[in-house]
Amino acid sequence: MNVLGRTRLAKIYDLADIYHSDNIDRVSDDFIEEAAIPEGAFDNVASAKYAIPSHWDIGKVYKRLILGIAKEKNIDIIEALMTAYNSFVSDKIQDFNSSFYYDAPQNILNAWLYGKLE
């Protein structure tokens, strides 16, 4: 389920250079409020046993994955973004008790492409 929707995601992507210069917490709060996203129970940080990567570090992992999916499947960035975040690979990246998010970018993309971890 994508509560932000394609249109809102496209807006975020189109204005990324502007949002990048702003406080990420405020920007995300604004979109959460605008989309009326309810507070959930997902908390992968609380269950982490080890140091967690910053949101910037995880963002870089997703950026490389999204660009790789877009290139491999010849689809637009927004479609690739939605595909990446709705895949089993996203669950693996978000598991901070594993080291999957530290894998080489090509290994993460290959996991998505082949539907399995090597």
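Basis for what follows: all heavy atoms, side chains included, without hydrogens, waters or symmetry-related copies.
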Point to revise | For the student: nearest non-hydrogen atoms of R8 and A35, plus distance | key: NH1-CB, 3.3 Å

Review point. Which residues pass the salt bridge (Lys or Arg N to Asp or Glu O under 4.0 Å) test with D30, sequence neighbours left out?
Key: R26

Practice item. Kindly write out the residues that satisfy side chain to side chain contact (heavy atoms under 4.5 Å, CB included) with A70, not counting sequence neighbours, or none if the list is empty. Key: I77, A80

Point to revise | From M82 atom CE to I75 atom CD1, the distance as rounded to the nearest 0.5 Å | key: 10.0 Å

Practice item. Using atom types as modelled and distance alone, determine if a side-chain donor or acceptor of S87 lies under 3.5 Å from a backbone N or O of A84. Key: yes

For residues 105-117, which side-chain N or O atoms pair as donor and acceptor with protein atoms under 3.5 Å away, sequence neighbours left out?
residue, atom, partner, partner atom, Å
Q106, NE2, N110, OD1, 3.0
N110, ND2, Q106, O, 3.3

Practice item. Sequence neighbours left out, what pairs pass salt bridge (charged side-chain N to carboxylate O under 4.0 Å, His left out) with at least one residue falling in residues 72-90? Key: R6-D76, R6-E79

Review point. Can you tell me how far the CD1 atom of I93 sits from the CG atom of D95, to the nearest 0.5 Å?
Key: 11.0 Å

**Study point:** Shortest non-hydrogen separation from V61 to Y101 and the atoms involved
**Key:** CG2-O, 3.4 Å

Check your understanding: R64: what forms a side-chain hydrogen bond (donor to acceptor under 3.5 Å, both in side chains) with it, not counting sequence neighbours?
Key -> none

Check your understanding: Any chance CG of N23 has more than 12 other-residue heavy atoms, nucleotides or ligands included, within less than 6.0 Å?
Key -> yes

Please list, one pair per line, the donor and acceptor atoms closer than 3.5 Å that link side chains of residues 12-21 to other protein atoms, with sequence neighbours excluded.
residue, atom, partner, partner atom, Å
S21, OG, D17, O, 3.4

**Study point:** Cluster overlap I66 with W56, hydrophobic side-chain contacts below 4.5 Å
**Key:** no

Review point. So which pairs with a foot in residues 37-50 pass side chain to side chain donor-acceptor pair (under 3.5 Å), sequence neighbours left out?
Key: N44-Q94

Exercise for review: Sequence neighbours left out, what passes side chain to side chain contact (heavy atoms under 4.5 Å, CB included) with A10? Give chain and number order.
Suggested key: I78

Point to revise | For S28, all residues meeting side chain to side chain contact (heavy atoms under 4.5 Å, CB included), sequence neighbours excluded | key: none

Point to revise | Pairs satisfying ring-ring contact (aromatic ring centres under 6.0 Å, His included), at least one member in residues 61-85, at least two apart | key: Y62-Y85

Practice item. Check whether I24 and V45 end up in the same hydrophobic cluster, where Ile, Leu, Val, Met, Phe, Trp and Tyr are linked by side-chain heavy atoms less than 4.5 Å apart. Key: no

Review point. Among all residues two or more places apart in sequence or in another chain, which pass the side chain to side chain contact (heavy atoms under 4.5 Å, CB included) test with D29?
Key: I32

